[in-house]
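Written below as structure tokens is the structure these notes are about.
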Amino acid sequence: MDVGELLNYQPDRGAKRPRQGDGGAAGGDEESRGGKQQKGQGVRESARYRDVAAGVGIEGGFEMRNTEEQTGDRKKILEKLMDRDEEEPEAELVDESSMKKMILTFEKRSYKNQELRIKFPDNPEKFMESELDLNDIIQEMHVIATMPDLYHLLVELNSVHSLLGLLSHENTDVAIAVVDLLQELTDIDTLNESEEGAEVLIDALLEGQVVALLVQNMERLDEQVKEEADGIYNTLAIVENMAEFRPGLCAEAAQQGLMQWLLKRIKAKIPFDGNKLYCSEILAILLQNNDNTRELLAEEQEMMENLFDALCSCLMLPSNRDRFLRGEGLQLMNLMLREKKMSRTSALKVLDHGMIGPEGADNCHKFVDILGLRTIFPLFMKTPKKMKKTGASEKEHEEHVCSIIASMLRNLKSQQRSRLLTKFTENDCEKVDRLMELHFKYLEAVQQADKRIEGEKHEMVRRGEILDDGMEDEFYLRRLDAGLFVLQLICYIMVEISNSGISQLQQRVHQILNLRGGSVKVVRHTMREYAESIGDGKSDEFKEAERKRIMDLVDNF
């Protein structure tokens, strides 16, 4: 190990919570955190320490030393760091006595570091060793997480208060070390091992305004530095752990600035990464965890839905669908669908708008390329039970899913189209069975609506009222709202897969129609009505070409 390596020595900050799907918050390397050495000082602090070790003067600090004095000081510092690197303390069993001793050591080192920083604010050499000692004891305290029954000692000896105080330490790496420790102490599996110990710890953390302090710390971290991005990820893990153990704290967490920070981070115009995804998860947890939280955060929830609606409106302009593609909007919506959070219904609606019409062809192809079929078909096969929590109806969900599949059948070519059609043949054509189930569900709903409308028309005629075009339009809109539009989408999918050249699909469609007393004539009538309604904002040439294409499919059905 040469002098340069020693001067850049970075003490281990210990193992962190592994991420889902990648090895770092900002999409960095995939090394295991547990065995990797982490930086022990912040970027600015490390620079100051190296300057001191090299004998460089700092404003208001040291005078230039001669070469022999510099060399002597450098050797002393390097020897201390080498000793630290080589020391590997043996693991000891934790009991009440040893834990008290550890906590007392932590308190002493924390006080000493604070005292030296106040006394020598411009002389890092004076407090560098105390900071390393403090970092070491924080790492040693990770062993406390193996004994949640003894968490009460952390509270009784006032160490929770001390740890929270270090979240605002001048050296951000000390604050991050505390975050790592709190994340491990609040691990949900650990909390569940001792409910009594967990309650005491969570009570103390909340009393100390832990969320507000964590938010303040996150605001000063730079996610361009991997260690600090990791610190933000582990901070969010602390919130998730506490919210899972005690859902009622979500409202309090939102009031302490977490909601504003999450919205700001999600809206930040930076590349998508693990932290942004985790922020969306925590946001969903805060919004949907309990009734009180939803009431308190109604405005924030409305804001989120408004943002999705605004995005849908933007996608109605054909040129914006290409911008959506280039901005990796498909990938983001696909991730939201997989996460099964509150944003899923809105993400589904955005996908629907992004893939409609010939202008959505590129988005349809890209969606297949990013393995979107694995996401959309489970939603097609089974409508989620928790739709009411998101304020959406079954019909709305099934409409968007069927519209997305219909858009892909209309737009996909070559290999991507083959992959889509293959999905309908899997598991003995189970997706065709589901399609036919939806067909009869919405056919019945439309038939019931038609009976009501016919009754109203009869009454109007009996009273001598005139059925003008305006009334007919109103009745048609009521039929669409009752399920006619979804039925049209389903029938379109039926005729598309029946004309795919895969005889297995056509046979299955007709087989189920016959078994359940369905009618090919009804399907054809529905599709003719659909073809006639094509149109607002489209050119006459497009309307005519699309109608001809649909009628050719119907004639061959």
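Values in this document were obtained by computation on a predicted structure and should not be read as measured data. Values reported hereafter were calculated over all heavy atoms of this structure, with side chains retained and with hydrogens, waters and symmetry mates removed.
Between Arg434 and Glu437, at least one side-chain nitrogen of the basic residue sits less than 4.0 Å from a carboxylate oxygen of the acidic one, meeting the salt-bridge criterion. Look at Arg117 and Glu131 and you find a salt bridge, because one of the NZ, NE, NH1 or NH2 atoms lies within 4.0 Å of a carboxylate O, short of that distance. The residues Arg109 and Asp136 are annotated as not salt-bridged, no charged nitrogen and carboxylate oxygen being separated by less than 4.0 angstrom. Here Lys431 pairs with Glu426 in a salt bridge; the nearest charged N to carboxylate O distance falls below 4.0 Å. Salt bridge present: Glu223 and Arg265 bring a charged side-chain N and a carboxylate O closer than 4.0 Å. A salt bridge links Lys100 with Glu96: the distance from a Lys NZ or Arg NE/NH1/NH2 to an Asp or Glu carboxylate oxygen falls below 4.0 Å.
For the 3.5 Å distance criterion, the side chains of Glu339 and Ser280 fail to qualify, holding no donor opposite an acceptor. Using modelled atom types, one finds a donor on one side chain and an acceptor on the other under 3.5 Å when comparing Glu240 with Tyr278. Defined by atom type and a distance below 3.5 Å, a donor-acceptor pair is missing between the side-chain atoms of Asp180 and His142. When only modelled atom types and interatomic distance are considered, Ser168 and Gln216 share no side-chain donor-acceptor pair under 3.5 Å. Between Ser130 and Asp133, the side chains place no donor N or O within less than 3.5 Å of an acceptor N or O (distance only, hydrogens not considered).
Checked by atom type and distance alone, the side chain of His400 never pairs as donor or acceptor with a backbone atom of Ser346 at under 3.5 Å. A donor-acceptor pair under 3.5 Å is formed between the side chain of Thr186 and the backbone N or O of Leu182. No side-chain donor-acceptor contact under 3.5 Å links Ser159 to the backbone of Val155. His353 places a side-chain N or O within donor-acceptor distance of the main-chain N or O of Lys349, the cut-off being under 3.5 Å.
Interatomic distance, CD of Glu184 versus CG of Asn234, reported as 10.0 Å (0.5 Å rounding).
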